[in-house]
Amino acid sequence: MQELAHFVLFEGNDPFTLPQMMVDWVPSSIPGIKVPVNRYKYYHSKVSLIVNGPDGTDVKSAAEDCLRQAALKSMIAGLIAGYASGGSAAFAAAVSTFTSTVDSCVEEKLQHGLDITAEVKNEGGWGDWQ
């Protein structure tokens, strides 16, 4: 199996994780007086979609053509599912539609069955104090 595509869906401060906060005392312009300053640490997240499939240049070129179609179909499916479920099912619907669309499109182009999988990878960690 080789990696056919790698998409970064989101990279930045995680909007669903509250930042950590601490109070730091720093010297003021008045000698001997310190003032409180709030410092924050945010959770940084990177969510990727990785599409894997069998080796071969014919598979990779067919997959690249099909990826464009699948991206549009999965976006539409995600929007519809997100609207219907209040957002909770949007990502799962988009990924499953994406995978099945790429799989069926490549099989149709190459005229034989293939095993194409999509994997969601979520890497993250706390950043530095700001």
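Here, residue 1 is the first one in the sequence, and each next residue gets the next number.
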Determine all donor-acceptor pairs shorter than 3.5 Å in which one atom belongs to a side chain in residues 123-130; sequence neighbours excluded.
residue	atom	partner	partner atom	Å
Glu123	OE2	Lys121	NZ	3.2

**Sequence neighbours excluded - salt bridge (charged side-chain N to carboxylate O under 4.0 Å, His left out) pairs with any residue from residues 27-38** = none

When the side chains of residues 7-32 are checked against the rest of the protein, which donor-acceptor pairs come out under 3.5 Å, sequence neighbours left out?
residue	atom	partner	partner atom	Å
Asp14	OD1	Phe16	N	2.9
Asp14	OD2	Thr17	OG1	3.1
Asp24	OD2	Arg39	NH1	3.3
Ser28	OG	Ile30	N	3.2
Ser28	OG	Ile30	O	3.3
Ser28	OG	Ile33	O	3.0

**Message:** Among residues at least two apart in sequence or on other chains, which ones pass side-chain contact (heavy atoms from CB on, under 4.5 Å) with Asn52?
**Reply:** Met1, Glu3, Ile50, Thr117, Glu119

